[in-house]
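Working notes, structure below.
Please read all numbers here as calculations on a predicted model, not as lab measurements.
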Amino acid sequence: MESFSLILAIVVVTALAFDFTNGFHDTANAMATTISTGALKPKIAVTMSAALNLAGAFLSVEVANTISKGLVDETGIRPEVIFAALVGAILWNLLTWLVGLPSSSSHALMGGLVGATVASAGFDAVHGGVLVTKVLLPAVAAPVVAGLASFLATRLSYGIGGTGDDEATRKGYRAGQIASAGLVSLAHGTNDAQKTMGIITLALIAGGSLAPGANPPTWVILSAGLAIALGTYIGGWRIIRTMGKGLTDLEPRQGFAAQTGAATAILASSHLGFSLSTTHVVSGSVMGAGLGRKGGVVRWSTATRMAVAWVLTLPAAALVGAGAESVTDLGDWGTAAVAVFLVAASAAIWKISRREVVDHTNVVEETGEPAGVVTAAIAAVTPPPAGPIADSLTVPAAGKPISADLATADLTTADLTAGDLTATIPAPAAEPAPAAPPAATV
């Protein structure tokens, strides 16, 4: 094994901590729709996803090489720079997890690395061409392509299978969902686990433990795969709720279409070495599948918040990474101060999250998000059901008084619909008998 300095060991541990947050932050990408449609129980779903994430980590190293060899100039990078980059990525992951937003862990890592590198070595140390072609352009194109593919797949599914929703059809699509969710998890391991491999490899090169241009060692691949698998097993329940229930309502065939389209896009990107955001891909797929069903509704308030988080991820992580690098540049005490800040901030975020616990027992509850402006407007103008008023009136036995509530109520036709109200109308009171005349006095 490579020789380690203290700072290099700190960087490796911090990178694995980021990998762990990446795992629970992105569990929703593979399993949110499977859980929300009932195809798998929550704990079974995350266990399956964790195992396949680990397996996927061994399938390719193309994305890892993009980070360790292509994005920044590794010859001018110190281990402290990579540590600062990881601080920015971890804090952004935790903040977006706290509010349940499925932002991109990949872009948080890229942003932190770019910001810390610029603060340390200037803009010339960042390879702008690689940043644009393998990070920024896929970020824009991936959700659009995946959403369109899922929209068409959903339309095709309903066109071929009809709109029937019998139990046999639901079971078939649920089985397909399980298979496609497994494919997404495998694809996630081939893409996201490699990002941490690339960061650790870059740190080893910067620390002199590996030659420039080296591939990730086997122990790096194994440790990165285990860290992301453990994070996946813990489950990012807040983001699973947002992705599965807060964005749109999916039927099993829609979930199958969304996951199949997402897995195809992620695997193709991993093969090409694109540092793709699986969050962007799956979110686009879910929205496309939601719109693909006739009458389907996307909750645009949630989608808008997600889009804002996507736009802010790169610059926000870059700013934190640059700030952390400026402090670590002051010496060992600066690095220690940044480490203490990271631990304290992470503990504070975790404590805040305990105020409203979301776990496998309540992850499928409704989020309370509005269905959308159009849906709300339709519901507001829907007239009440019509029904004969006479059917809902009951005449009591003679002598029973009218209900006080009914006597004082301001009733309208809409109030007296069948089955909603039973009115009690008394019979007319009998007139008192006339008093007997007084007896005559003699």
Side-chain angles (χ1 to χ4, degrees), residues 23 26-57 59-60 102 142-143 145-161 165 168-193 228-229 232-233 235-236 239-240 242-245 247-271 276-293 296 363-364:
D26 288 3
T27 308
N29 294 342
M31 291 300 171
T33 58
T34 305
I35 293 172
S36 67
T37 60
L40 281 177
K41 297 294 183 182
K43 293 298 288 185
I44 296 175
V46 297
T47 302
M48 170 183 165
S49 183
L52 290 171
N53 262 297
L54 177 59
L59 296 183
S60 172
V145 172
L148 181 60
S150 296
F151 175 84
L152 295 175
T154 302
R155 286 285 191 183
L156 182 63
S157 172
Y158 280 100
I160 295 176
D165 195 26
T169 301
R170 293 178 66 86
K171 285 182 178 179
Y173 276 106
R174 281 176 178 168
Q177 262 197 287
I178 294 173
S180 60
L183 192 59
V184 173
S185 295
L186 192 70
H188 185 262
T190 66
N191 203 283
D192 279 48
I228 200 170
T232 302
Y233 177 75
I239 301 175
I240 289 176
T242 299
M243 191 81 81
K245 288 290 186 181
L247 191 55
T248 186
D249 296 317
L250 297 180
E251 294 180 351
R253 69 177 73 193
Q254 292 171 279
F256 173 70
Q259 289 172 325
T260 303
T264 303
I266 296 169
L267 286 172
S269 299
S270 298
H271 177 70
L276 191 69
S277 169
T278 55
T279 301
H280 291 187
V281 173
V282 176
S283 298
S285 294
V286 169
M287 286 189 282
L291 294 173
R293 175 172 60 89
V363 68
V364 295

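A side-chain donor-acceptor contact under 3.5 Å links S150 to the backbone of A146. Distance alone, capped at 3.5 Å, is enough to place a donor-acceptor pair between the T260 side chain and the F256 backbone.
Summarising the geometry of A142 relative to V281, their closest heavy-atom pair is CB-CG2, 3.7 Å, with the distance given to 0.1 Å. The two residues T232 and S49 have their closest heavy-atom pair at CG2-OG, 3.3 Å. Scanning both residues, L291 and F151, for their nearest heavy atoms gives O-CE1, 3.5 Å.
For the side chain to side chain donor-acceptor pair (under 3.5 Å) test, residues two or more places apart in sequence or in another chain that qualify with R293 are Q254. When the side-chain contact (heavy atoms from CB on, under 4.5 Å) test is applied to L152, the partners found at least two apart in sequence or on another chain are L148.
Between I178 and M48 the shortest side-chain heavy-atom distance falls below 4.5 Å.
With rounding to the nearest 0.5 angstrom, the CG atom of L52 is 6.0 Å from the CG atom of L186.
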